[in-house]
Each structure stands twice: as structure tokens, then as C-alpha cells.
Amino acid sequence: MDFPDARTITTGQFEWHDAQVVVTGGAGFVGSYLVEDLLAAGARVRVVDDLSSGTLANLSHVQNDIEFISLDLTDRESAAKAISGCNVVFHLAAKAFGMLYSMAHNFEALRDNVLMALNVLDGCRVHDVSRVLMVSSSCVYDDDAPIPTPELAVHLGRPESVNEGYGWGKRILEIQSRYAYEQFGIPISIVRPFNAYGGRYVWQGDASHVVPSLVKKVLDRNGPVVVWGSGKQVRDLLHARDFALGFRLAMESTVDCNPVNLAGGTTVRLDDLVMRIGELIGVEPEIRFDKEKAEGRARKEADLTELGLRIPQFRQTVSLTDGLLDMIEWYNRNSVAGAFGS
Ligand SMILES: NC(=O)c1ccc[n+]([C@@H]2O[C@H](COP(=O)([O-])OP(=O)(O)OC[C@H]3O[C@@H](n4cnc5c(N)ncnc54)[C@H](O)[C@@H]3O)[C@@H](O)[C@H]2O)c1
């Protein structure tokens, strides 16, 4: 699918041609779009990823334009090596899965996400990096957070209950960033993305995120589409390509370590989303609601006031319809190749 040229959207506050950039997690879903965006902006890009959930296939079209290093960022020396020789770091690498897997793996999510953030920030200190973007998450917010949710402080309540270990990991990432910013003077930007969707998502069975899971269920046409919980849950969706754009703009302009929500203002109910995917492929899916499964938060919706004030250049460039068509096209192409199993 051809999307509008995001390169024309810039704050004009940063010269990418002078940048030697590291993207951790650059072989992942959002990371691969970011790599593309940065190359188009003129940066030299190194991708660091252990390929535990990402894939080099996401980077095949830019493989001759990037440096790729496979290593595990939970290891301190490896993380320092990853950053050596670079002056700008985007830290996206994470253990980030759908809620069924997440609820059963709080320990690993907390351990790996905290270790990676700590090692990356320490590497930035050692190598005197001039700018860093740390990717947090909307999962830092309490289940009872106000809707729409503004940039609440990370010590309020507990993180989202179905992603608690992951949410604590992201809260600690923000606190680690604050200390690195205050103590070492490293300019740091923190973003809190809401729900990403789009082509290049690697489906991981029950560990998948909600939107890709629903797309796969509708496209597989294996009987009724099972939606966990009531189906009335509302999610705030943004195409991964627009998250990448938001990450670049945040790095260009807001390196004061104050977190900013990132979303496009497109909210949708999950049962409506299933019907919309069906419409796009010309079927009317039968939905079955599995009330035994966790519902997650009833409504996730970002308050975008701060985003508008701090990064006024940011806008959603991919509509929900185009984004879903992109996901459908990508799924069809890759499932023919047998990439996703049943
Ligand atoms: N996808 C979403 O809806 C969403 C929402 C909020 C925040 N985020 C955050 O955005 C970032 C990107 O998310 P994504 O959806 O692209 O996830 P992803 O799983 O596709 O990408 C993460 C990448 O990190 C790599 N990685 C994991 N552990 C590693 C390790 N120990 N060493 C090196 N690399 C490692 C994986 O192989 C993968 O390529 C993450 O920080 C995630 O927490 C995502």
C-alpha cells in the first residue's frame, strides 16, 4: 500500500544528515517503520535486535542501507557495544505481548524491560550520546485512570492490571530516564504510545496483540470470530507507521524527559472493528463473546492536549480504513507463504 510521504512532516529542529542513529528493536513491528522513516530523513542507521520477536524480513527492502547487529540488550556489555560510535538512540526493544501472555509472564516482562532500559541508558552515558528517545506505553496507567487519559505521574495507582509486569517495566524505564537526564544531562524524550496496528506484525498465537488477533480471526474464516470479554472495549488505534513518525518528531523537539501520550484520536469498539474488517473483505463475521477471557480496560483513550502543544506537527497520516487494508494485504501475502500457521 502507498502511504503519504511522511518525510515532509518535520519540526525542522534537527538535522538528520549529521546523525548516526541506533534503533533498538528495529527489526520489530514499529521499529522497522522507524528505520525506514529515519533513512528517508537522511540519517545513518544501525539496527540492534536479538530477533526474539522481530524479523529481518521487516527490513529486507532496506537491508543494503543499514548496519544490523544481532545482540541481547539485557546484557550490559552487549548494550554498550550496540551504542558505540552513535550519537542518537531510539530505544524500542521490549518484551511486549498481548494480554493473555502478558498476564502469565509479569516476572519476565519486568525483568527484561528494566534490564534493557538500564543497559541502554548506561551505554548512552558511557558513549556520550547526544539525544535519546525511550519508548514507554499507555500500560503505565491505572485501570481507573480518567478517560481520556492525560500524562499522569507514574507513581499513581498500579499499572494496567492485564499488563502489570510490563507496565511496571515501562514505569521504571521512565524513572531510569529521569535519573539519567538529571544526573548526566542526557537530552531524553519519552513517548507513551497507545495501540499500534498495521502490516508487518508477526502473529504469535495467543501472545498476539488484540487488533492483529482479530484481523487474523476474521481473515482465517474458521467459524465464529471469538472476541474476548464483552467486545465493547474501546481502543485508541494508530498505524505503526504513524507511531514511527511520532517517535522521530518527539526526538526532534521534546527532549526534556517529560512523557507525552502518542495516539491519533481514532477510537473504536472491538466488536465494531471486527465488523469493519469483515466489510473490507466482503464477509459478515459471526461474533462469539468469550466472557471467561480477560476483558482488559473498558476504554483506552489518550488525552492528546500535551501532544498537540508540544509536537504540533504530528498528525495521523494513515486512516483506519487504509491501515486495516494494509494489514489485510500483508496478512494475505504472508499467510500464503505459510508464515503464521493456523
Ligand atoms: N505495539 C503496540 O501496540 C505498542 C503500544 C505501546 C508501546 N509499545 C512499545 O513500542 C515499542 C515497539 O513495539 P513493537 O510493537 O514494535 O514490538 P515488537 O515486539 O515488534 O518489537 C520489539 C523488538 O525488540 C526486540 N527485542 C526483544 N528483546 C530483545 C533483547 N533482549 N535484545 C535485543 N532486542 C530485543 C524484538 O526482537 C523485537 O524486534 C516497544 O517498546 C513497545 O513496548 C508498543
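Positions are given from 1, in the same order as the sequence printed here. Both ligands and their constituent atoms are indexed starting at 1 by order of listing. Bear in mind that the values here come from a model prediction, so they are computed numbers and not experimental data.
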Check the orientation of W16 and F14. Use parallel for under 30°, tilted for 30 to 60°, and perpendicular for over 60°.
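The arrangement is perpendicular - the two ring planes meet at more than 60°.
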
Parallel, tilted or perpendicular: rings of F29 and Y201 (30°, 60°):
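Because their plane-to-plane angle is over 60°, the rings of Y201 and F29 count as perpendicular.
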
Every residue of the protein that comes under 4.0 Å of ligand 1, judged on heavy atoms:
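Lining ligand 1: G25, A27, G28, F29, V30, D49, D50, L51, S52, S53, G54, L71, D72, L73, T74, L92, A93, A94, K95, A96, M116, V135, S136, S137, Y166, K170, P193, F194, N195, A196.
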
Within residues 82-94 or reaching into it, pairs that qualify as side chain to side chain donor-acceptor pair (under 3.5 Å) - sequence neighbours excluded:
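Checked against side chain to side chain donor-acceptor pair (under 3.5 Å) - neighbours excluded - the pairs reaching residues 82-94 are T24-H91.
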
Side chain to side chain donor-acceptor pair (under 3.5 Å), paired with S136, selected from K170, R171, E174
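Answer to the side chain to side chain donor-acceptor pair (under 3.5 Å) test with S136 among K170, R171, E174: E174.
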
Output all residues satisfying ring pair (Phe, Tyr, Trp, His ring centres under 6.0 Å) with Y33, sequence neighbours left out; order by chain, then residue number.
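Ring pair (Phe, Tyr, Trp, His ring centres under 6.0 Å) check on Y33 returns H239.
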
Pairing residues for Q63 by the side-chain hydrogen bond (donor to acceptor under 3.5 Å, both in side chains) criterion, not counting sequence neighbours
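For Q63 there are no side-chain hydrogen bond (donor to acceptor under 3.5 Å, both in side chains) partners, ignoring immediate neighbours.
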
